[in-house]
Amino acid sequence: MRTAVERARTDAVVSGVLPADQAPLPPVSIQRPARAEHGDYATNAAMQLAPVARIPPMRIAEALVTELQLPEAMGTAEVAPPGFINIRLEAGWVASQVGAILRAGTGYGRVPVEHPRSVNVEFVSANPTGPLTLGNARGAFVGDLLCRVLEAVGHRVTREYYFNDFNAQVRNLGLSVLARRTGDPIPEDGYRGEYVAALAASLPDDVWAAAATTSADAGEVLGRWASERVRTGIEESLDRLGVHFDVWTTEGSLYRDGWVERAVEELRKAGRVYEEDGAVWFRSSAFGDDKDRVVYRSNGQPTYFASDIGYLAQKFSRGFDELIYLWGEDHHGTVARNRAAARALGFDPESVHWLLMAWVRFVRDGTEVGMSKRAGEFVTLDELLEEIGPDAARWFFGSRATTTGIDFDIELAKRQSNENPVYYVQYAHARCCSILRNARERSVEASTADAAVLLRHPAEQALIRELLRLPEVLSDAAARRETHEVPKYCLEVAGLFSQFYRDCRVLTDDPEEARFSGARLALVDAVRLVLANTLGTLGIAAPETM
RNA sequence: GCGCCGGUAGCUCAGUGGAUAGAGCGUCGGCCUCCGGAGCCGAAGGUCGCAGGUUCGAAUCCUGUCCGGCGCGCCA
């Protein structure tokens, strides 16, 4: 539709209605008007052109409408003050799309982008010092949903999980296990959760012996063992959510394989690092950061940022066209230095994106509850799933913009889980299936040919028009890397289906009404398909019965 | 103090410069001879934090200001 309007604009220039001078025109923006009398699509192209062309917008709009060539029988365009062009789809064309949707089948809505990219999406990446908590829930759901949407438009996605395997946190975990085992007090920076006691209790004899006898620090030995146990548990929790990672990368591997060393060396050659106060600094301020950052401390130890730099190089070396980092907003202070490093290493800044998720504030009946692994005060992701189920949880986190802070009331979520809109959508899907089952029993067959001819009822037309939005909903979500529109769309479809169901009887003994059965059955099948495709993209079940 | 993100209906949140600002939940009032009532219809409920500005048009962009969250380490 956009290209049709853009072509009309070019044609208007050619035919001399619009002046031919100036630089590239902005892309035409197409809206979906809120009000039905404004048609199915609208564009403000004429009003945007008016100041440039110095011609009244209404005149330009008239000219564009004249040049606008819509495919045969698709629709009509008209001008509305102060210069909108409203495009109205023909009812017959709309009705004929039921057949097109059904022919596209499970591929419907998944319109491939022009240039598919190989995208690495890193998310969750919680250190394995304790089970995943509600604090990690948002990242897990949002990240996986983003991946699914990117895949839906044809990108190749790698889901990646990054974690520390040797630092102080892991050692603290080991020392905490040790303390639990020996009965000593848990160290200051230790972990106090019950899971630590469980780890201590299940410590195999050989690990315990190794910790007691090796020259190495017992905290390190036990930490290594405990964190791997915890990591396995995290993977199992994520499996239960339906989130499966392709690659697990450890911080240690970036050093073992020389990525950090090589990347820093490259920066050194480029003259981007220097020594001061015995430490090695990266001149990130030359690339937009507030100040320069330490890469190697004066004691020779690399900083966390050093790992980040090596990791950037490691990821790009694997051939990705684009990297996406999904971080909590508490990390936003480190974005600038990472972006600086990417630029200094010569990577296209447009090919790396850091998406920040706003904080989730957890409350229980109005008062805030902490989420601290160290203090052992947290609600685990597994507990959340037991309470409200993966579909409701996915819906909750999936339907909010990542920049929005969320108040998550655990008790309220439990109480309202039965009222969660996700069930309304699943119900609509189940109802479609039920109608289709009944039709088979009665030997009523869907007919897309009838659909094209007969579906003129307002409820039918509104429903089909909504089904036609799916491709653009997915494309927009993928392009914006914001996916919360998808659940909302689902809800719209379910709502319009309910209205259709009320107004238009599909299966009936009334001979007058029965002539619509085949056409409406085709529409029901198309709704079922769209809901199944959309729920599938959300990672939510599309049940045939409830 | 500086920086980033928010402030929209009772609650939780959509709203990518457009036309009369929306949804879910909650509240109130209706609807079960009929394909699934986990449903449908209707109503109430808003100075879009506040004040200026930009323009044909601002919840959206700019400036200031208030409130909240987060960040500002040779921590991660």
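Below, chains carry the letters A, B, ... as their sequence lines are ordered, and counting in each starts from 1.
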Could you tell me the separation between the [atom1] atom of [X] and the [atom2] atom of [N], rounded to a whole number of Å?
X	N	atom1	atom2	result
A:F163	B:A76	CZ	P	17 Å
A:R440	B:C35	CZ	C1'	14 Å
A:H484	B:U12	NE2	P	17 Å
A:E329	B:C5	CD	C1'	6 Å
A:L496	B:G24	CG	P	11 Å
A:K488	B:C25	NZ	P	15 Å
A:Y489	B:G15	OH	P	18 Å

A:R394: salt bridge (charged side-chain N to carboxylate O under 4.0 Å, His left out) partners, not counting sequence neighbours: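 Scan of A:R394 (salt bridge (charged side-chain N to carboxylate O under 4.0 Å, His left out), adjacent residues dropped) gives A:D144.
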For A:R35, all residues meeting salt bridge (charged side-chain N to carboxylate O under 4.0 Å, His left out), sequence neighbours excluded: A:E37
Quick check on RNA chain B: between A:N167 and A:A80, whose nearest nucleotide comes earlier from the 5' end?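 By nearest-heavy-atom nucleotide position, the 5'-most residue is A:A80.
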On RNA chain B, does the nearest nucleotide to A:W281 precede the nearest nucleotide to A:T43 from the 5' side, or the other way round? Give the residue. A:T43
With the side chain of [X] defined as its heavy atoms from C-beta on, choose the nearest nucleotide among [options].
X	options	result
A:V294	B:A38, B:A14, B:C74	B:C74
A:R480	B:A14, B:A38, B:G15	B:G15
A:T404	B:C74, B:A14, B:G36	B:A14
A:N127	B:G36, B:G6, B:A76	B:A76
A:K291	B:A14, B:C72, B:A76	B:C72
A:R297	B:A76, B:A14, B:G39	B:A76
A:E485	B:C35, B:A19, B:A14	B:A14
A:D476	B:U16, B:G37, B:C13	B:U16

Determine: side-chain N/O of A:R431 to OP1/OP2 of B:G37, distance under 4.0 Å, yes or no.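 So the side-chain polar atoms of A:R431 do come within 4.0 Å of the phosphate oxygens OP1 or OP2 of B:G37, strictly under.
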With rounding to the closest Å, how many angstrom separate the [atom1] atoms on [N] and [M]?
N	M	atom1	value
B:G42	B:G3	C1'	49 Å
B:U47	B:C28	P	23 Å
B:G7	B:C13	C1'	13 Å
B:G26	B:G10	C1'	7 Å

If you count every heavy atom of other residues, nucleotides or ligands that lies below 6.0 Å from A:E261 atom CD, does the total exceed 12? no
Positions of residues 498-512 of chain A (non-hydrogen atom under 4.0 Å from RNA chain B), listed by number: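 Heavy-atom cutoff 4.0 Å gives A:S498, A:Q499, A:Y501, A:R502, A:C504, A:R505, A:V506, A:L507.
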Sugar-phosphate or base contact per nucleotide [nucleotides 56-62 of chain B; S, B, -; heavy atom under 4.0 Å]: -------
Write down the partner of B:G10 under the Watson-Crick or G-U wobble criteria, each distance required to be under 3.5 Å.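 Pairing partner: B:C25.
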Anything under 3.5 Å between a donor and an acceptor, one on a side chain of residues 504-511 of chain A, the other on a protein residue two or more places apart or in another chain? List them.
residue : atom : partner : partner atom : Å
A:R505  : NE   : A:L507  : O            : 2.9
A:R505  : NH2  : A:L507  : O            : 3.3
A:T508  : OG1  : A:D510  : N            : 2.9
A:D510  : OD1  : A:E512  : N            : 2.9

Pairs under 3.5 Å (N/O, protein and nucleotides 1-3 of chain B):
residue : atom : partner : partner atom : Å
B:G3    : N2   : A:H332  : NE2          : 2.6

Base of B:C74, side chain of A:S298 - is there a donor-acceptor contact under 3.5 Å?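 Such a pair exists between side chain and base.
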